[in-house]
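Read the numbers this way: they start at 1 and go in the same order the structure lists the ligands and their atoms. Computed from a predicted structure; not experimentally measured.
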Amino acid sequence: MSAASLGGRRIVVSAGPTYEDIDPVRFIGNRSSGKMGFAIAEAAARRGAQVVLVAGPVSLPTPAGLERVDVRSARQMREAVIAQLPADVYIGAAAVADYAPAEIAPGKIKKKDEQLTLALVRTPDILAEVAVHARRPTVVVGFAAETHDVEFYARGKLEKKKVDMIAANRVGVSGSGFESDDNALTVYWRDGALALGPAPKTELADQLLDLILARWPA
Ligand code: PMT
C-alpha cells in the first residue's frame, strides 16, 4: 500500500545537533547524527510535501526534493526556523543545546590553571517559541530525549511547550535514540499515546507522518 499523500502541505523539520562555540577551535555539542530528522524530512518530501530541512552540523547527504538550510548554533537554528513560518507542520527533531557559552573567546583559550570554569547561558527554546508564534503552524510536534521517567518528562514538555505532540525516545541505551539507525518512539498527545517501533528510523518517519495525518487530516 502506498503512503498517504502530503501534497499541498508545507513542513519544516529541524534535525541534528547544534554546536555552541567556546573559542575558534572548541565547541559544546551532542551526539545527534541527524538521522531521525533527515528520515522524517525525506519521507515527507517523497509523499509530496514542500519540505524545508533546517540542519545542524551533520555529515548526511541532502535527501531528494527538499530545501536544506544548514546552521551551526541554537541561535542560528532559531533564526532559520522562524524565517520559514508560516507552515502547516513543524517537527523539531533537532537536539538543540540548552546552554551556550556566555561569550565566544576570540582566540584559542590557553591552558593555565587546573580548573577552568565556563559561564553558560540558556539558548532560545525554538519549539516553545514556534508553538506560540503569531504564524504558528497548524501542527507542532516536538521530540523528547530521555534516559528515565520518559512519559513523565514527555508529557511535561507537551504541556509546558504548548505543542500538539511529543515523540519521546529513550537515549543512553544502544539501538535507539542518538546515532543509531533504529529507534523506538512513544508519541504523546493530550488524551492519547501510541508506541511506534522499534524499527529503522526511515520506517518510524513514515509512521509518525501517518499519525500526524490521521489526527490532522485537513
Ligand atoms: O539525530 P539522531 O542521531 O538520529 O538522534 C535522534 C534524536 C535522539 C536526536 C531525536 O530522536 C530526538 O530525540 N530529538 C530531540 C532531542 C532533544 O533535544 O530533546 P529535548 O528533550 O532536550 O528537547 C525537547 C524538544 O525541544 C525537542 O523537540 C527539541 O528540538 C526542542 N528544543 C530544545 C531546546 C531548545 N533550546 N530548543 C528546542 O527547540
Side-chain angles (χ1 to χ4, degrees), residues 12-20 28-43 53-60 63 71-82 84-85 89-100 120-133 136-137 139-189 196-205 207-208 212:
V12 179
V13 181
S14 72
T18 64
Y19 286 176
E20 310 302 329
I28 297 172
N30 64 65
R31 291 168 177 264
S32 173
S33 65
K35 287 177 188 170
M36 189 71 247
F38 272 58
I40 294 167
E42 181 168 20
L53 171 60
V54 179
V58 297
S59 56
L60 297 175
V71 298
R72 180 172 175 85
S73 66
R75 201 158 287 281
Q76 290 170 358
M77 186 171 276
R78 178 211 166 263
E79 298 287 312
V81 168
I82 298 296
Q84 294 303 326
L85 302 182
V89 183
Y90 173 68
I91 303 175
V96 186
D98 291 316
Y99 291 89
L120 302 178
V121 293
R122 287 286 294 268
T123 55
D125 191 317
I126 305 164
L127 183 66
E129 185 174 343
V130 168
V132 297
H133 199 278
R136 185 196 200 276
V139 187
V140 179
V141 180
F143 270 70
E146 310 294 345
T147 55
H148 59 282
D149 298 318
V150 175
E151 176 165 6
F152 176 79
Y153 289 115
R155 286 207 174 278
K157 286 172 187 174
L158 188 72
E159 289 304 320
K160 191 159 169 246
K161 301 197 185 205
K162 299 183 166 56
V163 298
D164 302 298
M165 272 184 176
I166 284 277
N169 45 196
R170 203 174 271 279
V171 293
V173 292
S174 70
S176 85
F178 292 111
E179 295 172 314
S180 145
D181 287 339
D182 298 336
N183 204 0
L185 299 174
T186 306
V187 186
Y188 297 95
W189 57 95
L196 304 177
K201 287 175 178 172
T202 48
E203 282 178 27
L204 290 173
Q207 291 175 23
L208 181 62
I212 293 170

Atom pair CD/OG1 of Glu151 and Thr186 - distance to nearest 0.5 Å: 8.5 Å

Which of the ligand 1 atoms, numbered from 1, are nearer than 4.0 Å to a heavy atom of Thr123: 36 (N)

Give a yes/no on ligand 1: does Lys161 have at least one heavy atom closer than 4.0 angstrom to it? yes

Find all atoms of ligand 1 within a distance of less than 4.0 Å from any non-hydrogen atom belonging to Asp98, and give their numbers and elements. 34 (C)

Would you check whether Pro124 reaches within less than 4.0 Å of ligand 1, judged by its heavy atoms? yes

Closest non-hydrogen protein atom to atom 21 (O) of ligand 1, residue and atom name please, with distance? Lys157 NZ, 2.5 Å

Nearest-neighbour protein heavy atom for atom 19 (O) of ligand 1, which is reported as residue plus atom name and distance: Ala145 N, 3.5 Å

What distance do Lys161 atom NZ and Ile166 atom CD1 have between them, rounded to the nearest 0.5 Å? 7.0 Å

When rounded to the nearest 0.5 Å, the distance separating CG of Asn169 from CD of Glu146 is 8.5 Å

Should Lys201 be listed as contacting ligand 1, given a heavy-atom distance under 4.0 Å as the test? yes

Looking only at distance, does Ala95 have an N or O less than 3.5 Å from an N or O of ligand 1? no

d(Leu204 CG, Leu208 CG) to nearest 0.5 Å is 8.5 Å

How far is atom 1 (O) of ligand 1 from its nearest protein heavy atom, and which residue and atom is that? Ser32 OG, 2.6 Å

I want to check something: taking the side chain as every heavy atom from C-beta on, are Ile212 and Met165 in contact at a cut-off of under 4.5 Å? yes

Below the 3.5 angstrom mark, is there an N/O of Val171, backbone or side chain, next to an N/O of ligand 1? no

Quick check on contacts: which atoms of ligand 1 are under 4.0 angstrom from a heavy atom of Ile126? 37 (N), 38 (C), 39 (O)

Can you tell me which portion of Val58 lies within the under-4.0 Å heavy-atom range of ligand 1? Options are side chain, backbone, both, or neither. neither

Answer yes or no: does an N/O atom from Ala94 fall short of 3.5 Å to an N/O atom of ligand 1? yes

Within the 4.5 Å heavy-atom criterion, are Ile82 and Val130 side-chain neighbours or not? yes

Applying a heavy-atom cut-off of 4.0 Å, say which part of Ala93 lies close to ligand 1: side chain, backbone, both or neither. backbone

Assess whether side chain to side chain contact (heavy atoms under 4.5 Å, CB included) is satisfied between Tyr90 and Ile126, documenting all intermediate values. CA-CA 11 Å; Tyr90 173 68; Ile126 305 164; 3.8 Å; yes

Nearest protein heavy atom with distance in Å, relative to atom 28 (O) of ligand 1: Gly92 O, 2.7 Å

Do Pro124 and Arg75 touch side chain to side chain, with heavy atoms closer than 4.5 Å? yes

Report yes if the side chains of Phe178 and Asn30 come closer than 4.5 Å at any heavy-atom pair, otherwise no. yes

Taking atom OH of Tyr188 and atom NZ of Lys157, what is their separation to the nearest 0.5 Å? 12.0 Å

Yes or no: does Gly16 have any heavy atom under 4.0 Å from an atom of ligand 1? no

Hey, is Glu179 touching ligand 1 through its side chain, its backbone, both or neither, going by heavy atoms under 4.0 Å? backbone

Quick one: which of Val54, Leu53, Val89 gives a side-chain contact (heavy atoms from CB on, under 4.5 Å) with Val13? Leu53

Beyond-backbone contact of Phe143 with Ile91, side-chain heavy atoms, under 4.5 angstrom: yes

Taking only heavy atoms of Lys35, which atoms of ligand 1 are found under 4.0 Å from at least one of them? 1 (O), 2 (P), 4 (O)

Ala144, any N or O under 3.5 Å of ligand 1 N or O: no

Atom 7 (C) of ligand 1 [closest protein heavy-atom partner, distance rounded to 0.1 Å]: Asn169 OD1, 4.2 Å

Ligand-residue contact atoms, ligand 1 with Gly34, heavy atoms, under 4.0 Å: 1 (O), 2 (P), 3 (O)

Around Arg136, counting heavy atoms of other residues, nucleotides and ligands shown, do more than 12 lie under 6.0 Å from its CZ? yes

Does some non-hydrogen atom of Ala74 fall short of 4.0 Å from ligand 1? no

Could you tell me which atoms of ligand 1, counted from 1 in the order shown, lie closer than 4.0 angstrom to a heavy atom of Gly142? 28 (O)

Can you tell me which residue and heavy atom of the protein come closest to atom 39 (O) of ligand 1, and the distance to 0.1 Å? Leu127 N, 2.8 Å

Could you check whether any side-chain heavy atom of Asp181 comes within less than 4.5 Å of a side-chain heavy atom of Lys35, counting everything from C-beta outward? yes

Would you call Val58 and Ser33 a side-chain contact if the rule is heavy atoms closer than 4.5 Å? no

Taken to the nearest 0.5 Å, the spacing of Tyr99 OH from Thr123 OG1 works out to 8.5 Å

Heavy-atom contact under 4.0 Å between Ala97 and ligand 1? yes

In terms of residue, atom name and distance, what is the protein heavy atom nearest to atom 27 (C) of ligand 1? Phe143 O, 3.2 Å

Considering only protein heavy atoms, which is closest to atom 9 (C) of ligand 1, and at what distance to one decimal place? Phe178 CE2, 3.6 Å

Out of Ser33, Gly37, Ser176, who is nearest to atom 2 (P) of ligand 1 when you count heavy atoms only? Ser33

